Amino acid sequence: MEKVKQQPVRLQSLDALRGFDMLFIMGGGTLLVALATLFPTPFFEAIAEQTHHVDWNGCHMEDMIFPTFLFIAGISFPFSLEKQRLSGKDGGAILRKIIRRGLTLVLLGIVYNGLLNFDFSTQRYASVLGRIGLAWMCAALLFVYVKTKSRAWIAAAILVGYWLLLRFVPAPDAAAGVDSLTMEGCLVGYVDRLLLPGRLHLTIHDPEGLLSTLPAVVTAMLGMFTGEFIKQSKEGLTETRKVLYLLMGGLCLIAIGLIWNFFFPINKQIWSSSFVCFVGGISTLFFALFYYVIDVKNHRGWTLFFRVIGMNSITIYLAQRFIRFSYTNEALFGGLAKLMPESAQPLVLAIGYIAVCWAFLYFLYKQKIFLKV
């Protein structure tokens, strides 16, 4: 009798964690700021401060949203790859899908940045979606064609090589004496000024530019290492033990990032190697927590809110660019907000905006409509 191929189980923790991450793109940050407005205490004000990007060196919560999403995309790939292989897809079909997905995200990122305005002189070509597409695509190709141990060495070589390159090779057009790890002296900005057409996000520098996509590949690779580890089924390697190993691995990455910070500052703008390790470690800890509670202990009743967002994450990211949810929010909750004290009005509107976006996603969820790239 032919053995039936069992499809890999979908990790609900991944959808929930992705939704938790995307909530901050969908108004979660505004909600925290509104809470600080209503309760102007040092605690809430400190949390509200975390909803803003740091100017250069350092890391706030806001700086972790993007790399965490890329890390999660990495975790899901080993499961997706197994599913494709079990469905009978050959290597060529898998390769084409990886490249098509990567390039489609690059194109969507350019559209998000205003391609349809047809103003090419001010068009920004670097983008969040573009970085996800390129970094994920390169990491996925390595995953398919390179063994685990070799990929680990490649990841280490990228991070160390990137550090040495930026530390010892300043921008050729930088003024004499300017540090190579500043925005003005950094090679990252120079490469973008040299090769990227249109405009850069910060005039002389783009945080989603070309050279800094290289260490972002390692962020996706860290996610794939995590997904690959979770899929293992060795004797004695229980699900609880996997979680413990993930916690230890995450703490080690955080420690490496903090130590490396003394020599190569944690910096999202250039996606520094220390930033990759530090945020990769925090992302690992978050995944370990969600995985343990949801998939190991099977406590899933509370996850619907986040899964609805996570299963259509690209949809809500793009929709907020092209659909004015704020108009609907004002129509539904503007009157209620005006009845409230002035300090409470931002909180009502912040909750209303999240509710409107979530209702839109819940409709798609019930209709089983999911945008997959």
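Quantities reported herein were computed from a predicted structural model and do not represent experimental measurements.
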Item to check | Backbone N/O of Asp15 and side chain of Arg307: donor-acceptor pair under 3.5 Å | outcome: no
Item to check | Over all atoms of both residues, closest heavy-atom pair of Cys357 and Gln320 | outcome: SG-OE1, 4.4 Å
Next on the checklist: Between Arg131 and Asp206, does any NZ, NE, NH1 or NH2 come within less than 4.0 Å of an OD or OE carboxylate oxygen?
Outcome noted: no
Checklist entry - Phe225 versus Thr148: any side-chain heavy-atom pair under 4.5 Å? => result yes
Next on the checklist: Tell me if the aromatic rings of Phe287 and Phe71 count as close, with their centers under 6.0 Å from one another.
Outcome noted: no
Next on the checklist: Under the criterion side-chain contact (heavy atoms from CB on, under 4.5 Å), I'd like the reasoning laid out for Leu31 against Leu23: C-alpha separation, chi angles, the key distance, then a yes or no.
Outcome noted: CA-CA 10 Å; Leu31 176 64; Leu23 174 63; over 6 Å; no
Next on the checklist: Pair Ser80, Gln84 - check side-chain hydrogen bond (donor to acceptor under 3.5 Å, both in side chains), show working.
Outcome noted: CA-CA 6 Å; Ser80 170; Gln84 291 179 68; 3.2 Å; yes
Checklist entry - CG of Leu70 to CD1 of Ile65: how many Å apart, nearest 0.5 Å? => result 14.0 Å
Checklist outcome for this item: All heavy atoms of Met340 vs all of Gln345, minimum pair found to be O-NE2, 3.2 Å
Next on the checklist: Within the 4.5 Å heavy-atom criterion, are Ile294 and His299 side-chain neighbours or not?
Outcome noted: no
Next on the checklist: Looking at Gln50 and Met61, would you say the former's side chain and the latter's main chain have a donor-acceptor pair under 3.5 Å?
Outcome noted: yes
Checklist entry - With side chains defined as the heavy atoms from C-beta onward, is the minimum distance between His205 and Ile270 less than 4.5 Å? => result yes
Checklist outcome for this item: Separation between SG (Cys59) and CG (Leu258), nearest 0.5 Å, reads 10.0 Å
Checklist entry - Is the distance between the ring centroids of Phe77 and Trp136 less than 6.0 Å? => result yes
Checklist entry - Has the side chain of Thr213 got a donor or acceptor atom that lies under 3.5 Å from a matching backbone atom of Gly209? => result yes
Item to check | Under-4.0 Å salt bridge between Arg124 and Glu208 | outcome: yes
Checklist entry - Any idea which heavy atoms bring Ala220 and Ala139 closest together, and the distance? => result CB-CB, 3.6 Å
Item to check | hydrophobic_cluster_shared for Leu336 and Leu349, side chain cutoff 4.5 Å | outcome: no
Item to check | Working for side-chain contact (heavy atoms from CB on, under 4.5 Å), residues Leu159 and Val276 | outcome: CA-CA 8 Å; Leu159 294 182; Val276 171; 4.0 Å; yes
Checklist entry - Under a 4.5 Å side-chain heavy-atom rule over Ile, Leu, Val, Met, Phe, Trp and Tyr, are Phe322 and Leu129 clustered together? => result yes
Next on the checklist: Quick one: does any side-chain atom of His60 pair with a main-chain N or O of Glu49 as donor and acceptor, under 3.5 Å?
Outcome noted: yes
Item to check | Partner of Leu214 by side-chain contact (heavy atoms from CB on, under 4.5 Å), out of Ile158, Val188, Leu165 | outcome: Ile158
Next on the checklist: Counting only heavy atoms not in Phe370 (residues, nucleotides, ligands), do more than 12 fall under 6.0 Å from its CZ?
Outcome noted: yes
Checklist entry - Do side-chain atoms of Asp192 reach the backbone of Leu210 as a donor and acceptor pair under 3.5 angstrom? => result yes
Next on the checklist: Do Ile25 and Ile316 have side chains that approach each other closer than 4.5 Å (heavy atoms only, starting at C-beta)?
Outcome noted: no
Checklist entry - Got more than 12 heavy atoms from elsewhere within 6.0 Å of CZ, Phe286? => result no
Checklist entry - Under the ring pair (Phe, Tyr, Trp, His ring centres under 6.0 Å) rule, what pairs show up with a residue in residues 22-41, not counting sequence neighbours? => result Phe20-Phe24, Phe39-Phe44
Checklist entry - Taking atom types as modelled, is there a side-chain donor on Thr104 or Arg100 under 3.5 Å from an acceptor on the other? => result no
Checklist entry - Quick one: does Asn57's side chain have a donor or acceptor within less than 3.5 Å of a partner on Pro265's backbone? => result no
Checklist entry - Would Arg85 and Asp90 pass as an ion pair if we require N to O under 4.0 Å? => result no
Checklist entry - Looking just at side-chain N and O atoms, do Ser121 and Asp119 make a donor-acceptor pair shorter than 3.5 Å? => result yes
Checklist entry - Heavy-atom count around Arg321 CZ within 6.0 Å, excluding the residue itself: above 12? => result yes
Checklist entry - Any side-chain heavy atom of Leu237 sitting closer than 4.5 Å to one from Phe229? => result yes
Checklist entry - In terms of heavy-atom contacts, does CH2 of Trp153 have more than 12 from other residues, nucleotides or ligands at under 6.0 Å? => result no
Checklist entry - Are Val356 and Phe325 side-chain neighbours, meaning at least one heavy-atom pair lies under 4.5 Å? => result yes
Next on the checklist: Side chains of Ser274 and Trp163 only: does a donor on one sit below 3.5 Å from an acceptor on the other?
Outcome noted: no
Item to check | Minimum-distance pair of heavy atoms, taken over all atoms of Asp63 and His53 | outcome: OD1-ND1, 2.8 Å
Next on the checklist: Regarding Asn329 and Ser326, do their side chains bring together a donor and an acceptor under 3.5 Å, going by distance alone?
Outcome noted: no
Item to check | Close side-chain approach of Glu62 to Lys268, heavy-atom, < 4.5 Å | outcome: no
Next on the checklist: Show, in sequence, the C-alpha distance, side-chain angles and deciding distance for Cys186 and Leu166, and conclude whether the side-chain contact (heavy atoms from CB on, under 4.5 Å) test is met.
Outcome noted: CA-CA 7 Å; Cys186 188; Leu166 265 59; 3.9 Å; yes
Checklist entry - If every non-hydrogen atom of Leu247 is compared with every non-hydrogen atom of Leu285, which pair is closest and at what distance? => result O-CD2, 3.5 Å
Next on the checklist: As an exercise, state the distance from CG of Leu196 to CG of Leu200, rounded to the nearest 0.5 Å.
Outcome noted: 6.0 Å
Next on the checklist: Would you say that Phe263 contacts Leu181 through its side chain, given a criterion of any heavy-atom pair below 4.5 Å between the two side chains?
Outcome noted: no
Next on the checklist: Could you check whether Asn113 and Ser127, counting side-chain N and O atoms only, form a donor-acceptor pair closer than 3.5 Å?
Outcome noted: no
Checklist entry - Any chance CD of Gln367 has more than 12 other-residue heavy atoms, nucleotides or ligands included, within less than 6.0 Å? => result yes
Checklist entry - Could you go step by step and tell me if Phe333 and Tyr353 meet the ring-ring contact (aromatic ring centres under 6.0 Å, His included) rule? => result CA-CA 9 Å; Phe333 300 103; Tyr353 184 85; over 10 Å; no
Item to check | Minimum heavy-atom distance between Ile314 and Val373, given as atom pair plus value | outcome: CG2-CG2, 4.4 Å
Checklist entry - Taking the side chain from Thr284 and the backbone from Gly280, do they hold a donor-acceptor pair closer than 3.5 Å? => result yes
Next on the checklist: Pair Cys277, Trp260 - check side-chain contact (heavy atoms from CB on, under 4.5 Å), show working.
Outcome noted: CA-CA 9 Å; Cys277 295; Trp260 211 340; 4.2 Å; yes
Next on the checklist: Checking side-chain polar atoms at under 3.5 Å, does Ser283 have a donor or acceptor matched by the opposite partner on Thr68?
Outcome noted: yes
Next on the checklist: Side-chain heavy atoms nearer than 4.5 Å, only ILVMFWY residues, links allowed to pass through others: does that put Trp56 and Phe66 together?
Outcome noted: yes
Next on the checklist: Between the side chains of Glu228 and Arg151, is the shortest nitrogen-to-carboxylate-oxygen separation below 4.0 Å, so that they form an ion pair?
Outcome noted: yes
Item to check | hydrophobic_cluster_shared for Val178 and Phe264, side chain cutoff 4.5 Å | outcome: no
Checklist entry - Distance-only, no hydrogens or angles: does the Lys242 side chain make a donor-acceptor pair with backbone N or O of Gln232 under 3.5 Å? => result yes
Item to check | Polar contact flag, side-chain donor to acceptor under 3.5 angstrom, Gln12-Tyr291 | outcome: no
Checklist entry - Would you call Asp21 and Arg18 a salt bridge, taking side-chain N to carboxylate O under 4.0 Å as the test? => result no
Checklist entry - Out of Tyr365, Trp358, Tyr362, which residue meets the ring pair (Phe, Tyr, Trp, His ring centres under 6.0 Å) rule with Phe305? => result Trp358
